[in-house]
Amino acid sequence: MPEGHSIYRYAGHHRRLLAGRRVAATSPQGRFRGGAARIDGRVLVDVTAHGKHLFYRWQRAETLHIHLGLYGKFRTYEMDPPSPTPGTRLTLATDDVSIYLAGPTVCELIEPSREEAIRSRLGPDPLQAGSRGHTVAEFAGNLSRRTIPIGAAVLDQSVVAGIGNIYRAEALFLTGINPATPANELPAAKVEELWRQSVALLERGVAEGKIVTLPRAPLGRSEETDRVYVYKRDRFPCRRCGGPISTGEMASRSIWWCRTCQPPAAASSTTTVPA
DNA sequence: GCTGCATGATGAA
DNA sequence: TCATCCTGCAGCA
């Protein structure tokens, strides 16, 4: 479930488990055999996240860069780890813990200059709000240079880093913004509100370990659609106004919104507005 | 057991 | 815009 909140949790979790420890690395699948050999037996210094990217820094080795993409998953075993499936790209292990990685889009060793290049083309990360480079001013500046719909802009990791398809739909709903609004036409107050909402939603995702955007998470077992306002809820009435939830496609991904709670901006009369 | 879909992103055309 | 990377799971036979 890799939007920014889970990546941030992985960074913290892996830092607690592995930082300062000597780590054994293997690549059962073989595709990362050379890379695993270069970090095998090294001491992990730190793990950091920027948006959906993870960076593992080692003593006397290059930095491990991981991006989970759509399918990538970590599994952690604190005792009796099963033997890794043949598809496992990377295993990291100490005496106490084993972490298996399968299906990542990116798993590579990189030089500091390459890490810098990756970070510099990422937008501000709401989970690092307030730090240098991760401010609403950066976000606003990035939006001001885009004429694409805001619903496409927030998925663009160079505009804001860490938001995925669920948070996109939820943040726009909670701020009452119509997804078709051109990014550079969003009023400053709305930009501010959207940033604050993104920070709040992602931080809550980190705290809860899952995406919950309703004020109160339902008790017991719940479906994804029981914890959110609009994502995948086109077969349900709007939780706010009772009207229909619309769905369509934006930036090659499905999107959901309420056309009553997220009306098109009055000023943007010439834009095509999803109805 | 099979099919299709998914919270992502890139590179070719 | 499309194909591809590549895993897991829900839904259906």
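So you know, we letter chains A, B, ... as the sequences are listed, proteins then strands, and number each from 1. Note that the structure is a prediction, hence the values are computed from the model and not measured.
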Q: In whole angstrom, give the distance that lies between atom CG of A:Leu70 and atom P of B:dG8.
A: 7 Å
Q) How close or far is atom C1' of B:dG8 from atom CD1 of A:Ile211, stated in whole angstroms? A) 13 Å
Q. Under 4.0 Å between a Lys/Arg side-chain N and an Asp/Glu carboxylate O for A:Arg196 and A:Glu193?
A. no
Q: Can you sort out the partners of A:Tyr8 under side-chain hydrogen bond (donor to acceptor under 3.5 Å, both in side chains), two or more places apart, ordered by chain and number?
A: none
Is there any ring-ring contact (aromatic ring centres under 6.0 Å, His included) pair reaching into [range], and which pairs are they, with sequence neighbours excluded?
range	result
residues 78-110 of chain A	A:Tyr77-A:Tyr100
residues 186-207 of chain A	A:Phe139-A:Trp195
residues 108-132 of chain A	none

**Q.** Sequence-distant partners of A:Arg119, salt bridge (charged side-chain N to carboxylate O under 4.0 Å, His left out), two or more places apart
**A.** A:Glu115
Measure from the side-chain heavy atoms of [X] and tell me the nearest of [options].
X	options	value
A:Arg75	C:dG8, B:dA6, C:dT7	C:dG8
A:Tyr231	B:dA9, C:dG8, B:dA6	B:dA6
A:Tyr71	B:dA6, B:dT7, C:dG8	B:dA6

**Q.** Contact list for DNA chain B against residues 100-129 of chain A - heavy-atom distance below 4.0 Å
**A.** A:Thr105, A:Arg121
Donor-acceptor pairs under 3.5 Å, side chain of residues 228-236 of chain A to any protein atom, not counting sequence neighbours: which ones?
from, atom 1, to, atom 2, distance (Å)
A:Arg233, NE, A:Tyr229, O, 3.4
A:Arg233, NH1, A:Thr225, O, 2.9
A:Asp234, OD1, A:Trp256, NE1, 2.7

Has [X] got a side-chain N or O lying under 4.0 Å from the OP1 or OP2 atom of [N]?
X	N	value
A:Gln157	B:dA9	yes
A:Lys52	B:dG8	yes
A:His67	B:dA9	yes

Q: Any chance you could encode DNA chain B as dot-bracket? Rule is Watson-Crick or G-U wobble with both distances under 3.5 Å; [ ] for pairs crossing earlier ones, | for another strand.
A: ||||||.|||||.
Q: Any side-chain hydrogen bond (donor to acceptor under 3.5 Å, both in side chains) involving residues 20-29 of chain A? Give me the pairs, sequence neighbours left out, ordered by first then second residue.
A: A:Arg21-A:Asp96, A:Thr26-A:Thr91, A:Gln29-A:Arg89
